[in-house]
**Student:** 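The structure is given below, and queries will be raised subsequently.
Numbered from 1 within each chain, the chains take letters A, B, ... in sequence-line order. The figures that follow rest on heavy atoms only: side chains count, while hydrogens, waters and symmetry mates do not.
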Amino acid sequence: MAYNFKNLSVLIVEDSRPMMDLVIAILQTFGVEKVITAENGSEAFKKFCTQKPDLIIADWMMRPMDGIQLVQQVRGHPDSPNKYVPYILMTGFSEKHRVLKARDKGITEFMVKPFSVRDLYKRMETIIERPRQFVRSGDFFGPDRRRKKDEWFNGQLKRETDVTPEDYMIVNTQKRGAKP
Amino acid sequence: MTMQDKSGPYSDRHFNHTPRRNAEFITPPNLIKGKVGSGGLSEEILNKAQALLESSAVDFLPLAEIYLGNLQNGIEVSQTPTDNVSHEYLISTMIYPGMQLKANGRMFHYPLITTMADKMIQFLEVIETPNEKAVEIVIAFHGTIKMVIQARIQGDGGAKGRSLVKALEGACHRYFEKYN
(Lines give C-alpha, C1' and ligand atoms only; values in the text may rest on other atoms or scores of the structure.)
Protein backbone atom coordinates (compact mmCIF):
# COMPACT_ATOMS: atom_id res chain seq x y z
CA MET A 1 0.00 0.00 0.00
CA ALA A 2 1.11 3.52 -0.77
CA TYR A 3 -0.47 6.95 -0.86
CA ASN A 4 -2.63 7.53 -3.90
CA PHE A 5 -2.58 11.25 -4.64
CA LYS A 6 -4.63 10.87 -7.81
CA ASN A 7 -7.78 12.37 -6.31
CA LEU A 8 -6.03 15.06 -4.32
CA SER A 9 -6.47 18.65 -5.50
CA VAL A 10 -3.81 21.18 -4.58
CA LEU A 11 -3.89 24.96 -5.00
CA ILE A 12 -0.42 26.45 -5.54
CA VAL A 13 -0.10 30.20 -5.05
CA GLU A 14 3.22 31.59 -6.28
CA ASP A 15 4.11 34.73 -8.23
CA SER A 16 7.38 33.34 -9.61
CA ARG A 17 6.67 31.21 -12.65
CA PRO A 18 9.85 29.09 -12.41
CA MET A 19 9.15 28.29 -8.76
CA MET A 20 5.53 27.51 -9.57
CA ASP A 21 6.66 25.11 -12.32
CA LEU A 22 9.02 23.35 -9.92
CA VAL A 23 6.31 22.79 -7.31
CA ILE A 24 3.88 21.56 -9.98
CA ALA A 25 6.49 19.11 -11.29
CA ILE A 26 7.18 17.76 -7.80
CA LEU A 27 3.48 17.28 -7.04
CA GLN A 28 2.89 15.57 -10.37
CA THR A 29 5.75 13.19 -9.64
CA PHE A 30 3.99 12.45 -6.32
CA GLY A 31 0.93 11.51 -8.40
CA VAL A 32 -1.23 14.61 -7.87
CA GLU A 33 -3.38 15.05 -10.95
CA LYS A 34 -5.41 18.13 -10.08
CA VAL A 35 -3.20 21.17 -9.60
CA ILE A 36 -4.82 24.61 -9.47
CA THR A 37 -2.59 27.65 -9.79
CA ALA A 38 -2.82 31.32 -8.85
CA GLU A 39 -0.29 34.15 -8.96
CA ASN A 40 -1.43 36.03 -5.87
CA GLY A 41 -3.69 35.80 -2.87
CA SER A 42 -6.77 37.45 -4.32
CA GLU A 43 -6.79 35.26 -7.42
CA ALA A 44 -6.17 32.27 -5.15
CA PHE A 45 -9.10 33.02 -2.85
CA LYS A 46 -11.49 33.17 -5.81
CA LYS A 47 -10.23 29.80 -7.05
CA PHE A 48 -10.33 28.37 -3.54
CA CYS A 49 -14.00 29.32 -3.23
CA THR A 50 -14.99 27.82 -6.57
CA GLN A 51 -12.71 24.78 -6.80
CA LYS A 52 -12.40 23.84 -3.11
CA PRO A 53 -8.92 22.26 -3.14
CA ASP A 54 -7.84 19.78 -0.46
CA LEU A 55 -4.56 21.55 0.24
CA ILE A 56 -3.08 25.02 -0.30
CA ILE A 57 0.63 25.64 -0.84
CA ALA A 58 1.32 29.38 -0.93
CA ASP A 59 4.24 31.75 -1.11
CA TRP A 60 4.34 34.57 1.47
CA MET A 61 5.40 37.64 -0.50
CA MET A 62 2.95 38.44 -3.29
CA ARG A 63 0.92 41.39 -4.45
CA PRO A 64 -1.82 42.56 -4.16
CA MET A 65 -2.63 39.94 -1.50
CA ASP A 66 0.15 37.98 0.19
CA GLY A 67 0.17 34.48 1.66
CA ILE A 68 -0.59 35.70 5.19
CA GLN A 69 -3.58 37.76 4.08
CA LEU A 70 -4.77 34.75 2.09
CA VAL A 71 -4.72 32.41 5.09
CA GLN A 72 -6.68 34.99 7.05
CA GLN A 73 -9.33 34.98 4.31
CA VAL A 74 -9.37 31.19 4.16
CA ARG A 75 -9.79 30.86 7.93
CA GLY A 76 -12.11 33.77 8.51
CA HIS A 77 -14.00 34.97 5.44
CA PRO A 78 -17.72 34.16 5.43
CA ASP A 79 -17.44 32.88 1.83
CA SER A 80 -14.62 30.45 2.67
CA PRO A 81 -15.84 26.96 1.73
CA ASN A 82 -13.42 25.16 4.08
CA LYS A 83 -11.94 27.07 7.02
CA TYR A 84 -9.97 23.97 8.06
CA VAL A 85 -8.10 23.40 4.81
CA PRO A 86 -4.41 22.55 5.41
CA TYR A 87 -2.17 25.46 4.43
CA ILE A 88 1.58 25.23 3.77
CA LEU A 89 3.34 28.60 3.68
CA MET A 90 6.57 28.77 1.64
CA THR A 91 9.02 31.58 2.23
CA GLY A 92 12.67 32.51 2.23
CA PHE A 93 12.28 33.93 5.73
CA SER A 94 13.34 31.70 8.59
CA GLU A 95 13.69 34.16 11.47
CA LYS A 96 11.69 33.20 14.53
CA HIS A 97 9.56 36.34 14.69
CA ARG A 98 8.37 35.77 11.13
CA VAL A 99 7.61 32.09 11.75
CA LEU A 100 5.59 33.06 14.84
CA LYS A 101 3.73 35.72 12.89
CA ALA A 102 2.72 33.18 10.25
CA ARG A 103 1.75 30.63 12.90
CA ASP A 104 -0.42 33.18 14.69
CA LYS A 105 -2.36 33.87 11.49
CA GLY A 106 -3.44 30.24 11.13
CA ILE A 107 -1.03 28.46 8.80
CA THR A 108 -0.71 24.69 9.16
CA GLU A 109 2.92 24.17 8.13
CA PHE A 110 5.85 26.52 7.45
CA MET A 111 8.38 25.61 4.77
CA VAL A 112 11.57 27.58 4.25
CA LYS A 113 12.87 28.10 0.73
CA PRO A 114 15.12 26.76 -0.64
CA PHE A 115 13.55 23.38 0.12
CA SER A 116 14.08 19.79 -0.92
CA VAL A 117 11.48 17.31 -2.13
CA ARG A 118 11.60 15.61 1.26
CA ASP A 119 10.93 18.92 3.02
CA LEU A 120 7.66 19.25 1.09
CA TYR A 121 6.76 15.58 1.46
CA LYS A 122 7.40 15.67 5.21
CA ARG A 123 4.91 18.50 5.62
CA MET A 124 2.30 16.75 3.50
CA GLU A 125 2.80 13.54 5.46
CA THR A 126 2.39 15.42 8.75
CA ILE A 127 -0.88 16.92 7.50
CA ILE A 128 -2.15 13.48 6.45
CA GLU A 129 -0.99 11.42 9.42
CA ARG A 130 -0.89 13.86 12.32
CA PRO A 131 -3.55 16.51 11.69
CA ARG A 132 -3.81 19.05 14.46
CA GLN A 133 -6.95 20.12 16.22
CA PHE A 134 -8.22 23.60 15.51
CA VAL A 135 -8.50 26.14 18.27
CA ARG A 136 -10.86 29.08 18.53
CA SER A 137 -9.64 31.35 21.28
CA GLY A 138 -10.02 35.09 21.60
CA ASP A 139 -8.75 36.57 18.38
CA PHE A 140 -7.16 33.34 17.11
CA PHE A 141 -8.64 30.66 14.91
CA GLY A 142 -6.40 28.04 13.36
CA PRO A 143 -4.47 24.83 13.93
CA ASP A 144 -3.39 24.32 17.54
CA ARG A 145 -0.19 26.30 17.96
CA ARG A 146 1.11 23.92 20.61
CA ARG A 147 2.84 21.02 18.93
CA LYS A 148 4.43 19.56 22.04
CA LYS A 149 2.87 18.72 25.35
CA ASP A 150 5.18 19.79 28.16
CA GLU A 151 4.03 18.34 31.47
CA TRP A 152 6.60 20.46 33.30
CA PHE A 153 5.83 23.76 31.57
CA ASN A 154 6.28 26.53 34.10
CA GLY A 155 5.52 29.62 32.04
CA GLN A 156 2.38 31.70 31.85
CA LEU A 157 -0.87 29.73 31.67
CA LYS A 158 -2.86 31.12 28.78
CA ARG A 159 -5.88 28.87 28.42
CA GLU A 160 -8.52 28.13 31.00
CA THR A 161 -7.84 24.44 30.47
CA ASP A 162 -4.10 24.82 31.22
CA VAL A 163 -2.84 23.26 34.43
CA THR A 164 0.34 23.66 36.48
CA PRO A 165 2.76 20.71 36.75
CA GLU A 166 1.44 20.12 40.30
CA ASP A 167 -2.18 20.07 39.11
CA TYR A 168 -1.19 17.75 36.30
CA MET A 169 0.35 15.30 38.77
CA ILE A 170 -2.68 15.42 41.07
CA VAL A 171 -5.09 14.76 38.21
CA ASN A 172 -2.99 11.90 36.86
CA THR A 173 -2.50 10.36 40.28
CA GLN A 174 -6.24 10.48 40.85
CA LYS A 175 -6.82 8.91 37.44
CA ARG A 176 -4.62 6.00 38.49
CA GLY A 177 -6.76 5.56 41.59
CA ALA A 178 -4.13 6.48 44.16
CA LYS A 179 -4.37 9.21 46.74
CA PRO A 180 -2.48 12.35 45.77
CA MET B 1 1.08 24.72 46.27
CA THR B 2 -2.36 23.19 45.66
CA MET B 3 -4.93 23.61 42.93
CA GLN B 4 -6.61 26.30 45.03
CA ASP B 5 -3.44 28.24 45.65
CA LYS B 6 -2.69 30.34 42.57
CA SER B 7 -0.43 32.88 44.20
CA GLY B 8 2.80 31.08 43.23
CA PRO B 9 4.90 31.29 40.08
CA TYR B 10 2.04 29.97 37.93
CA SER B 11 -0.41 32.63 38.99
CA ASP B 12 -2.31 34.35 36.22
CA ARG B 13 -2.79 37.39 38.41
CA HIS B 14 0.64 38.74 37.62
CA PHE B 15 0.47 42.31 36.31
CA ASN B 16 2.17 41.30 33.08
CA HIS B 17 -0.07 38.34 32.35
CA THR B 18 -3.07 38.50 30.08
CA PRO B 19 -6.20 36.81 31.44
CA ARG B 20 -6.53 33.14 30.56
CA ARG B 21 -8.71 32.53 27.54
CA ASN B 22 -11.45 30.05 26.93
CA ALA B 23 -10.18 27.85 24.10
CA GLU B 24 -12.61 25.86 22.03
CA PHE B 25 -11.09 22.76 20.42
CA ILE B 26 -12.40 21.46 17.13
CA THR B 27 -11.38 18.25 15.38
CA PRO B 28 -12.03 18.69 11.67
CA PRO B 29 -12.60 15.60 9.52
CA ASN B 30 -9.35 14.39 7.94
CA LEU B 31 -10.57 14.62 4.36
CA ILE B 32 -7.10 14.21 2.82
CA LYS B 33 -6.42 10.96 4.66
CA GLY B 34 -9.69 9.61 3.34
CA LYS B 35 -8.64 10.45 -0.20
CA VAL B 36 -5.00 9.32 -0.25
CA GLY B 37 -5.05 6.27 2.01
CA SER B 38 -2.02 4.94 3.85
CA GLY B 39 1.52 3.78 3.27
CA GLY B 40 3.42 6.94 2.32
CA LEU B 41 5.37 7.49 -0.87
CA SER B 42 8.20 5.20 -1.93
CA GLU B 43 11.84 6.25 -1.86
CA GLU B 44 11.84 5.73 -5.60
CA ILE B 45 9.21 8.43 -6.14
CA LEU B 46 10.92 10.82 -3.74
CA ASN B 47 14.30 10.29 -5.41
CA LYS B 48 12.75 10.77 -8.83
CA ALA B 49 11.16 14.06 -7.75
CA GLN B 50 14.42 15.22 -6.15
CA ALA B 51 16.35 14.39 -9.33
CA LEU B 52 13.83 16.37 -11.32
CA LEU B 53 14.26 19.36 -9.00
CA GLU B 54 18.04 19.16 -9.24
CA SER B 55 18.04 18.89 -13.02
CA SER B 56 15.70 21.82 -13.57
CA ALA B 57 16.75 23.69 -16.69
CA VAL B 58 15.36 27.03 -15.54
CA ASP B 59 17.70 29.92 -16.26
CA PHE B 60 17.98 31.71 -12.92
CA LEU B 61 19.86 34.72 -14.29
CA PRO B 62 16.89 36.79 -15.59
CA LEU B 63 15.12 36.20 -12.27
CA ALA B 64 18.23 37.08 -10.29
CA GLU B 65 18.63 40.31 -12.25
CA ILE B 66 15.08 41.35 -11.33
CA TYR B 67 15.77 40.71 -7.64
CA LEU B 68 19.12 42.49 -7.82
CA GLY B 69 17.42 45.44 -9.52
CA ASN B 70 14.88 45.56 -6.67
CA LEU B 71 17.71 45.39 -4.16
CA GLN B 72 19.44 48.29 -5.95
CA ASN B 73 16.21 50.30 -5.70
CA GLY B 74 16.02 49.51 -2.00
CA ILE B 75 19.60 50.69 -1.54
CA GLU B 76 18.85 53.95 -3.34
CA VAL B 77 15.69 54.57 -1.32
CA SER B 78 17.64 53.95 1.88
CA GLN B 79 20.45 56.27 0.82
CA THR B 80 18.05 59.17 0.30
CA PRO B 81 15.23 58.62 2.78
CA THR B 82 12.37 61.09 2.99
CA ASP B 83 11.09 62.26 6.36
CA ASN B 84 7.85 60.30 6.29
CA VAL B 85 9.28 56.79 5.89
CA SER B 86 10.14 54.53 8.80
CA HIS B 87 13.41 52.68 9.32
CA GLU B 88 11.42 49.47 9.18
CA TYR B 89 10.14 50.35 5.72
CA LEU B 90 13.62 51.23 4.47
CA ILE B 91 15.02 47.94 5.75
CA SER B 92 12.14 46.05 4.14
CA THR B 93 13.00 47.52 0.72
CA MET B 94 16.31 45.67 0.96
CA ILE B 95 15.27 42.61 2.91
CA TYR B 96 12.47 41.48 0.55
CA PRO B 97 14.59 41.20 -2.60
CA GLY B 98 17.31 39.64 -0.43
CA MET B 99 14.81 37.02 0.69
CA GLN B 100 13.94 36.26 -2.95
CA LEU B 101 17.62 35.77 -3.80
CA LYS B 102 18.04 33.48 -0.81
CA ALA B 103 14.88 31.48 -1.58
CA ASN B 104 15.55 30.97 -5.27
CA GLY B 105 19.34 30.71 -5.55
CA ARG B 106 19.77 27.13 -4.38
CA MET B 107 16.52 26.00 -6.01
CA PHE B 108 18.02 26.97 -9.37
CA HIS B 109 21.62 25.78 -8.91
CA TYR B 110 23.16 28.88 -7.29
CA PRO B 111 23.62 27.88 -3.63
CA LEU B 112 26.39 30.46 -3.18
CA ILE B 113 23.80 33.18 -3.79
CA THR B 114 21.51 31.62 -1.19
CA THR B 115 24.37 31.59 1.33
CA MET B 116 25.29 35.23 0.68
CA ALA B 117 21.70 36.48 0.64
CA ASP B 118 21.02 34.60 3.88
CA LYS B 119 23.94 36.42 5.56
CA MET B 120 22.58 39.72 4.26
CA ILE B 121 19.10 38.99 5.63
CA GLN B 122 20.56 38.06 9.02
CA PHE B 123 22.37 41.41 9.02
CA LEU B 124 19.26 43.37 8.02
CA GLU B 125 17.07 41.56 10.57
CA VAL B 126 19.36 42.73 13.36
CA ILE B 127 20.07 46.37 12.53
CA GLU B 128 17.56 48.92 13.67
CA THR B 129 18.72 51.88 11.63
CA PRO B 130 19.71 51.69 7.98
CA ASN B 131 22.47 54.26 8.40
CA GLU B 132 25.11 55.02 5.80
CA LYS B 133 27.52 52.36 7.04
CA ALA B 134 24.80 49.71 7.13
CA VAL B 135 23.79 50.52 3.57
CA GLU B 136 27.45 50.24 2.54
CA ILE B 137 27.41 46.65 3.81
CA VAL B 138 24.30 45.94 1.71
CA ILE B 139 26.04 47.50 -1.29
CA ALA B 140 28.92 45.07 -0.73
CA PHE B 141 26.48 42.13 -0.71
CA HIS B 142 24.77 43.45 -3.83
CA GLY B 143 28.06 43.82 -5.69
CA THR B 144 29.31 40.39 -4.67
CA ILE B 145 26.08 38.61 -5.60
CA LYS B 146 26.04 40.45 -8.92
CA MET B 147 29.57 39.28 -9.57
CA VAL B 148 28.59 35.66 -8.81
CA ILE B 149 25.73 35.92 -11.28
CA GLN B 150 27.77 37.57 -14.01
CA ALA B 151 30.53 34.98 -13.62
CA ARG B 152 27.81 32.25 -13.55
CA ILE B 153 29.35 30.65 -10.49
CA GLN B 154 27.09 27.67 -9.86
CA GLY B 155 27.53 25.40 -6.84
CA ASP B 156 29.22 26.71 -3.70
CA GLY B 157 31.99 28.45 -5.62
CA GLY B 158 34.76 26.39 -3.97
CA ALA B 159 37.56 28.18 -2.14
CA LYS B 160 36.81 31.44 -3.91
CA GLY B 161 33.16 31.23 -2.85
CA ARG B 162 34.12 30.55 0.77
CA SER B 163 36.51 33.48 0.85
CA LEU B 164 33.84 35.83 -0.57
CA VAL B 165 31.36 34.71 2.09
CA LYS B 166 34.00 35.12 4.79
CA ALA B 167 34.77 38.65 3.61
CA LEU B 168 31.07 39.61 3.77
CA GLU B 169 30.73 38.07 7.24
CA GLY B 170 33.81 40.01 8.33
CA ALA B 171 32.23 43.26 7.16
CA CYS B 172 29.09 42.50 9.19
CA HIS B 173 31.13 41.67 12.30
CA ARG B 174 33.14 44.87 12.02
CA TYR B 175 29.88 46.83 11.72
CA PHE B 176 28.44 45.28 14.87
CA GLU B 177 31.70 45.78 16.79
CA LYS B 178 31.62 49.46 15.94
CA TYR B 179 27.91 50.31 16.13
CA ASN B 180 26.36 47.87 18.63
Side-chain angles (χ1 to χ4, degrees), chain A residues 1-5 7-8 16 18-19 21-22 25-26 29-31 54-55 60-61 82-84 86 90-95 97 112-118 120-121 124-125 127-129 131 133-138 140 144 154-167 170, chain B residues 1-3 6 8-12 14 16-33 35-42 45-53 56 58-60 63 95-96 98-108 111 114 117-118 121-122 125:
Chain A
M1 280 286 282
Y3 286 154
N4 182 353
F5 284 156
N7 295 320
L8 193 70
S16 157
M19 185 64 79
D21 289 341
L22 265 189
I26 293 169
T29 309
F30 286 178
D54 302 305
L55 169 67
W60 185 330
M61 291 295 164
N82 179 7
K83 292 180 167 59
Y84 305 110
M90 304 184 285
T91 175
F93 289 127
S94 53
E95 289 66 30
H97 71 103
V112 177
K113 289 194 267 188
F115 60 87
S116 69
V117 163
R118 278 172 177 77
L120 175 59
Y121 174 63
M124 291 175 72
E125 191 187 31
I127 285 167
I128 296 164
E129 303 297 341
Q133 283 189 307
F134 268 62
V135 174
R136 190 186 299 281
S137 166
F140 174 75
D144 193 348
N154 66 355
Q156 183 192 351
L157 305 179
K158 294 180 178 175
R159 294 177 186 163
E160 285 181 4
T161 48
D162 288 342
V163 293
T164 64
E166 285 82 0
D167 294 347
I170 290 167
Chain B
M1 190 163 50
T2 68
M3 284 177 83
K6 295 287 182 189
Y10 307 110
S11 168
D12 52 8
H14 189 275
N16 200 26
H17 286 184
T18 50
R20 287 210 251 166
R21 292 177 298 189
N22 185 13
E24 177 194 355
F25 293 90
I26 304 150
T27 306
N30 191 347
L31 301 173
I32 296 189
K33 179 74 178 167
K35 279 193 175 183
V36 307
S38 306
L41 287 181
S42 67
I45 289 176
L46 295 177
N47 290 339
K48 188 178 166 190
Q50 185 65 35
L52 192 144
L53 190 149
S56 154
V58 168
D59 184 7
F60 178 55
L63 209 55
I95 222 170
Y96 291 163
M99 186 273 288
Q100 298 285 15
L101 287 163
K102 178 204 162 189
N104 290 278
R106 184 173 298 150
M107 300 295 292
F108 301 110
T114 287
D118 189 28
I121 291 170
Q122 286 174 30
E125 289 275 15

**Student:** Among B/Q100, B/Q50, B/R106, B/K48, which has the most heavy-atom pairs under 4.5 Å with chain A?
**Tutor:**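 Most heavy-atom pairs within the cutoff with chain A belong to B/Q50.
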
**Student:** Minimum heavy-atom separation for A/G92 to B/A103, with atom names?
**Tutor:** CA-CB, 3.9 Å

**Student:** Can you find a heavy atom in the side chain of B/I26 that is under 4.5 Å from one in the side chain of A/Q133?
**Tutor:**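 No, their side chains stay 4.5 Å or more apart.
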
**Student:** If I measure from the heavy atoms of chain B, does A/F30 come under 4.5 Å with its side chain, its backbone, both, or neither?
**Tutor:**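 For A/F30, backbone and side chain are both near chain B.
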
**Student:** Could you grab the distance from atom CG of B/N30 to atom OH of A/Y84, nearest 0.5 Å is fine?
**Tutor:**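 Between atom CG of B/N30 and atom OH of A/Y84 there are 14.0 Å.
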
**Student:** Specify the closest pair of heavy atoms between B/L41 and A/Y121, including all atoms of both residues, with the distance to one decimal.
**Tutor:** N-OH, 2.8 Å

**Student:** Let me know if A/I127 has heavy atoms under 4.5 Å from chain B in its side chain, its backbone, both or neither.
**Tutor:**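 Both backbone and side chain.
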
**Student:** With a 4.5 angstrom heavy-atom cut-off, which part of B/F108 approaches chain A: side chain, backbone, both or neither?
**Tutor:** side chain

**Student:** As an exercise, state the distance from CD1 of A/I26 to OG of B/S56, rounded to the nearest 0.5 Å.
**Tutor:**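 Reported to 0.5 Å precision, the distance equals 9.5 Å.
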
**Student:** Roughly how far, to the nearest 0.5 Å, is CD of B/E24 from CZ of A/F134?
**Tutor:** 12.5 Å

**Student:** Who wins among B/P29, B/G98, B/S42, B/A49 for the most heavy-atom pairs under 4.5 Å with chain A?
**Tutor:**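 Most heavy-atom pairs under 4.5 Å with chain A: B/A49.
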
**Student:** Begin from the C-alpha positions of B/M99 and A/W60 and carry the test side chain to side chain contact (heavy atoms under 4.5 Å, CB included) through to its verdict.
**Tutor:** CA-CA 11 Å; B/M99 186 273 288; A/W60 185 330; 5.7 Å; no

**Student:** What is the minimum heavy-atom distance between B/I32 and A/L8, and which atoms define it?
**Tutor:**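 Heavy atoms of B/I32 and A/L8 come nearest at CG2-CD1, 3.8 Å.
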
**Student:** Chain A: which of B/N47, B/D59, B/L31 shares the most heavy-atom pairs with it under 4.5 Å?
**Tutor:**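 Looking at each option in turn, the highest pair count goes to B/N47.
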
**Student:** Please classify the contact of B/L101 with chain A as side chain, backbone, both or neither, using a heavy-atom distance under 4.5 Å.
**Tutor:** neither

**Student:** Nearest heavy-atom pair of B/K102 and A/S94: which atoms, and what distance?
**Tutor:** NZ-OG, 3.4 Å

**Student:** Walk me through it: do B/L46 and A/V117 pass the test side chain to side chain contact (heavy atoms under 4.5 Å, CB included)?
**Tutor:** CA-CA 7 Å; B/L46 295 177; A/V117 163; 4.1 Å; yes

**Student:** Using a 4.5 angstrom heavy-atom cutoff, name the option from A/E125, A/E129, A/H97, A/E95 with the most pairs to chain B.
**Tutor:**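 It is A/E95.
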
**Student:** Measuring heavy-atom distances to chain B, does A/F93 have an atom under 4.5 Å in its side chain, in its backbone, in both, or in neither?
**Tutor:** both

**Student:** Which atom names give the shortest non-hydrogen contact between B/K33 and A/I128, and what distance separates them?
**Tutor:** CD-CG2, 3.6 Å

**Student:** From A/S116 OG over to B/L53 CG, what is the distance, rounded to the nearest 0.5 angstrom?
**Tutor:**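 Here the rounded value is 8.0 Å.
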
**Student:** Which heavy atom in B/Y96 sits nearest to a heavy atom in A/M61, and how many Å separate them?
**Tutor:** CE2-CE, 3.4 Å

